[in-house]
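Down below is the structure, laid out as structure tokens.
First the proteins, then the strands, lettered A, B, ... as listed; each starts at 1.
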Amino acid sequence: GAVVSQHPSRVICKSGTSVKIECRSLDFQATTMFWYRQFPKQSLMLMATSNEGSKATYEQGVEKDKFLINHASLTLSTLTVTSAHPEDSSFYICSVLAGYSYEQYFGPGTRLTVT
Amino acid sequence: QQQVKQSPQSLIVQKGGISIINCAYENTAFDYFPWYQQFPGKGPALLIAIRPDVSEKKEGRFTISFNKSAKQFSLHIMDSQPGDSATYFCAASNIGYSTLTFGKGTMLLVSP
């Protein structure tokens, strides 16, 4: 399977500030990456699909101006939570689509806490 | 039509027993059915997956059974171990579109 990393693993920020989360595909070039958020004891909710070199496709109800996604290279996608509020506190997880198959491999997740 | 219904919500199994988790889907266009295992504070890990051209797939202690006519698939964990205690998610997708639709998850506890 693919190896995916995320940075940071945990971040605490103050309300109103912005925070960037990085997702890296370490062992292959990923043209497609996904961003999910997960609340405690709940399932994964797809936020957006990120394709290298093009604009991300956001799921219904996800604010594109609040959750900025950049997929500038085949190994890196970033999610920036702008003007964060306490309700944005969540577990953010990225995944990569293995181009040689259709399997998705997930990163370890980033715990965001907004105070 | 995009839902994947997963049951049970939680499950307690004794060590050495068989854990069974079931999922049902509605969208007949789905043609890829993976299972993910997630430990607290970690990202989901792909456990095993099946395509609808086979009715069963086995990898070690993990088996997926697939019933296309009933639109159901299940995960069986044989000889369950305390280390298997985790949350399990079924999912489904149409590989042409790649986005996964997840079930709500099953929290498995294997008692020693």
### B/Arg61 atom CZ, neighbour heavy-atom count above 12 within 6.0 Å
yes

### Task
Is it possible for you to say whether A/Met47 and A/Val114 belong to one hydrophobic cluster, with membership spreading through side-chain heavy-atom contacts below 4.5 Å?
yes

### Message
Within this structure, what is the CD-OG distance for the pair A/Glu103 and B/Ser98, rounded to the nearest 0.5 Å?
### Response
13.0 Å

### Query
For the hydrophobic clusters of this structure (ILVMFWY residues joined by side-chain heavy atoms under 4.5 Å, transitively), does one cluster hold both B/Leu108 and B/Ile20?
no

### Query
Under a 4.5 Å heavy-atom cut-off, does chain A meet the side chain of B/Pro44, its backbone, both or neither?
both

#### Entry: Structural part of A/Gln104 lying under 4.5 Å from a heavy atom of chain B
both

#### Entry: From CD (B/Gln9) to NZ (A/Lys41), nearest 0.5 Å
10.0 Å

### Task
May I ask you to check whether over 12 heavy atoms, not counting those of B/Ile12, lie within 6.0 Å of atom CD1?
no

### Query
In terms of hydrophobic clusters joined by side-chain contacts under 4.5 Å, are A/Tyr58 and A/Trp35 together?
yes

### Query
At a heavy-atom separation under 4.5 Å, does A/Gln38 approach chain B through its side chain, its backbone, both, or neither?
side chain

### Query
Are more than 12 heavy atoms from other residues, nucleotides or ligands located less than 6.0 Å from atom NZ of B/Lys58?
no

### Query
Is A/Phe106 close to B/Gln38 at the side-chain level, that is, under 4.5 Å between some pair of heavy atoms?
no

### Query
Got A/Phe91 and B/Lys42 here, is their nearest side-chain heavy-atom distance under 4.5 Å?
no

### Message
Starting from A/Met33, can I reach A/Ile93 by hopping between I/L/V/M/F/W/Y residues whose side chains sit under 4.5 Å apart?
### Response
yes

### Query
Taking atom OG of A/Ser43 and atom OH of B/Tyr36, what is their separation to the nearest 0.5 Å?
12.0 Å

### Query
chain A heavy atoms under 4.5 Å from B/Thr99: which part of the residue, side chain, backbone, both or neither?
both

## Note on the structure
Looking only at heavy atoms, the pair that brings B/Phe89 and A/Gln42 closest together is CZ-O, 3.9 Å

### Query
Is A/Tyr36 reachable from A/Ile21 through a run of hydrophobic residues whose side-chain heavy atoms are each under 4.5 Å from the next?
no

### Message
Distance check, rounded to the nearest 0.5 Å: A/Leu46 atom CG versus B/Leu100 atom CG?
### Response
8.5 Å

